[in-house]
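Keep in mind that this is a model prediction, so the values were computed, not measured. No hydrogens, no waters, no symmetry mates; every other heavy atom, side chains included, goes into these values.
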Amino acid sequence: MSIRDLTTCPVCNAGNCQQRYWLFDDRYGYPDMFVLMQCPSCAHQFLQHNLQQEEIGSLYSNYYPRKHIQPEHVKALPPAKNFTAWINGTHSRPCYRVPEKISLLDIGCGTGAALLYHRERGCEVVGTETDENIRPIAELYQLNVHFGPFQRDAFKTGCFDCITMEQVIEHLVDPLKLLADCRELLKPGGRIILSTPRPHGLGARMFGRRWVHWHVPYHLHFFSSKSMQLAAEKVGLVIEERHTVTPSDWLYYQLQHLNVYPEKGKASAFWIDSDEVTVRQKYLRKVINIMHSIKVIHLFTRLFDSLGLGDNQLFILRRKPTP
């Protein structure tokens with residue numbers, strides 16, 4: 001695949017964006033290399049690529065491991081409760097910020113576990129998903145899911161109280177268009193609740209090009225606080241809240257990811273759940289599992305979040321009144 005010349009920031013239009021890293025798919029083995037760019041003005045980071053949104057959808061179906069999920073094993077997310085929710089970083093998920101009994105659109109609904117959670121809470125809920133592997137789950141549980149790339153015209157203007165996107169906006173070729181479309185779908189005063197990796201957190205600084213959440217070519221955009229604010233303003237939204245709150249599993253994933261880091265073009269033994277690892281890697285895997293089970297990793301994650309150094313950010317964006 002040839003990579004187009006792209007040195008202008010897609011958020012603030014600043015020129016002279018600089019190369020940061022050459023990256024490859026270190027999870028599932030997609031074969032190409034990609035350049036990560038960084039804007040000198042708003043600190044937005046983005047991937048150089050020639051992928052269309054339809055091609056990205058096929059990447060999930062062909063490379064992501066969801067094809068192995070048994071539909072009957074999918075259950076509604078449990079309620080988030082006090083200490084357990086805090087130690088696990090559960091409130092990093094947008095679904096736990098959603099009120100009961102409202103109309104809701106969940107873009108990139110994944111396995112549908114959040115849709116089931118909202119339905120149990122009396123919400124009128126619709127989902128969208130690009131991964132066709134999820135269709136049997138939607139059919140089994142009679143979930144209202146639109147498959148394929150998000151289409152604004154599939155929904156009436158001003159029909160939702162809330163729109164959620166959990167780790168979705170970074171996957172979009174044109175995230176500003178998505179935000180603009182979502183604004184049109186919100187009722188007056190409606191909100192978008194989204195989470196996305198934080199490229200200026202401690203994880204990205206410590207692990208460099210091996211940071212687990214570059215996740216190319218599936219992740220295309222990495223928002224700073226400034227670039228999200230600019231994006232929101234451009235489309236008629238305002239940031240109402242911003243939180244640094246990270247799932248505790250993320251540091252666990254990072255450590256396991258580093259333990260069996262693959263060569264270019266090969267899938268990671270961790271991400272495809274393979275036992276084809278060395279004796280040393282097996283030993284380290286057990287050590288990391290123990291650290292995770294006794295909550296050591298969780299405590300480090302909570303510490304990093306408390307210092308504002310976490311790897312995940314959650315935004316609540318409110319629709320501005322129409323002038």
Side-chain angles (χ1 to χ4, degrees), residues 25 27-30 53-81 84-85 88-98 100-151 154-155 160 162-172 193-195 212 215 217-219 247-250 252-253 256-257 267-275 289 292:
D25 179 7
R27 292 197 194 186
Y28 304 122
Y30 187 79
Q53 201 63 55
E54 293 77 10
E55 294 178 86
I56 293 170
S58 68
L59 284 180
Y60 304 139
S61 296
N62 294 329
Y63 285 88
Y64 261 45
R66 287 175 179 164
K67 66 182 72 174
H68 304 300
I69 295 176
Q70 298 298 316
E72 60 274 13
H73 292 168
V74 175
K75 305 298 180 184
L77 292 176
K81 296 181 180 179
T84 300
N88 290 334
T90 301
H91 286 100
S92 62
R93 307 194 71 160
C95 62
Y96 290 118
R97 310 277 176 153
V98 174
E100 297 181 351
K101 300 178 181 179
I102 65 169
S103 58
L104 173 72
L105 173 64
D106 186 14
I107 298 177
C109 62
T111 62
L115 297 183
L116 292 169
Y117 166 76
H118 292 307
R119 190 165 70 181
E120 289 180 355
R121 298 165 62 245
C123 293
E124 182 183 345
V125 63
V126 183
T128 73
E129 178 56 52
T130 59
D131 188 353
E132 284 287 338
N133 291 310
I134 303 304
R135 190 178 291 275
I137 300 172
E139 292 174 350
L140 176 64
Y141 293 106
Q142 298 181 324
L143 296 172
N144 185 358
V145 178
H146 294 243
F147 285 94
F150 170 75
Q151 299 290 336
F155 308 100
F160 295 108
C162 184
I163 297 174
T164 55
M165 291 182 273
E166 181 178 348
Q167 308 299 322
V168 169
I169 197 167
E170 64 273 10
H171 293 256
L172 274 292
I193 308 175
L194 67 88
S195 60
V212 68
H215 191 23
Y218 315 92
H219 290 180
S248 295
D249 284 344
W250 278 22
Y252 169 75
Y253 297 154
Q256 294 286 17
H257 177 73
S268 163
F270 172 66
W271 292 103
I272 64 171
D273 196 22
S274 170
D275 288 326
N289 284 338
H292 188 255

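Here the straight-line distance linking atom CG of L140 with atom CD of Q70 works out to 11.0 Å at 0.5 Å rounding. Rounded to the nearest 0.5 angstrom, L116 CG and C95 SG are separated by 11.5 Å. To the nearest 0.5 angstrom, E170 atom CD is 9.0 Å from L194 atom CG. The CD1 atom of I102 sits 10.5 Å away from the CZ atom of F160 when rounded to the nearest 0.5 Å.
A search for ring-ring contact (aromatic ring centres under 6.0 Å, His included) contacts involving Y96 returns Y117, not counting sequence neighbours. Partners of S248 by side-chain hydrogen bond (donor to acceptor under 3.5 Å, both in side chains), not counting sequence neighbours, listed by chain and number: R302. With sequence neighbours excluded, the residues forming a side-chain hydrogen bond (donor to acceptor under 3.5 Å, both in side chains) with S103 are D161, listed by chain and number. For the side chain to side chain contact (heavy atoms under 4.5 Å, CB included) test, residues two or more places apart in sequence or in another chain that qualify with Q256 are Y252, N259, F270, R285, I288, N289. Every side chain to side chain contact (heavy atoms under 4.5 Å, CB included) that A85 has, sequence neighbours left out, goes to A80, T90, H91. Residues that satisfy the side chain to side chain contact (heavy atoms under 4.5 Å, CB included) test with T164, not counting sequence neighbours, are P94, V98, L104, D106, C162, I193. By the side-chain hydrogen bond (donor to acceptor under 3.5 Å, both in side chains) test, Q167 pairs with S195, N312, sequence neighbours left out. Taking V168 as the reference, I107, M165, L172 meet the side chain to side chain contact (heavy atoms under 4.5 Å, CB included) condition, with sequence neighbours excluded.
Using a 30° and 60° split on the angle between ring planes, H146 and F155 fall in the tilted class, from 30° to 60°.
Between L77 and R93, some side-chain heavy-atom pair lies under the 4.5 Å cut-off. Looking only at side-chain heavy atoms (C-beta outward), W271 and D25 stay at 4.5 Å or farther from each other. Side chains of R121 and K101 form no contact here, defined as non-hydrogen atoms less than 4.5 Å apart. Side-chain contact between Y253 and H292 is absent, with no heavy-atom pair separated by less than 4.5 Å. Between V145 and I134, the closest side-chain pair of non-hydrogen atoms is not below 4.5 Å.
At distances below 3.5 Å, at least one donor-acceptor pair connects side-chain atoms of Y141 with backbone N or O atoms of V74.
Within the structure, the salt bridge (charged side-chain N to carboxylate O under 4.0 Å, His left out) test picks out the following pairs touching residues 134-151 (sequence neighbours left out): E132-R135.
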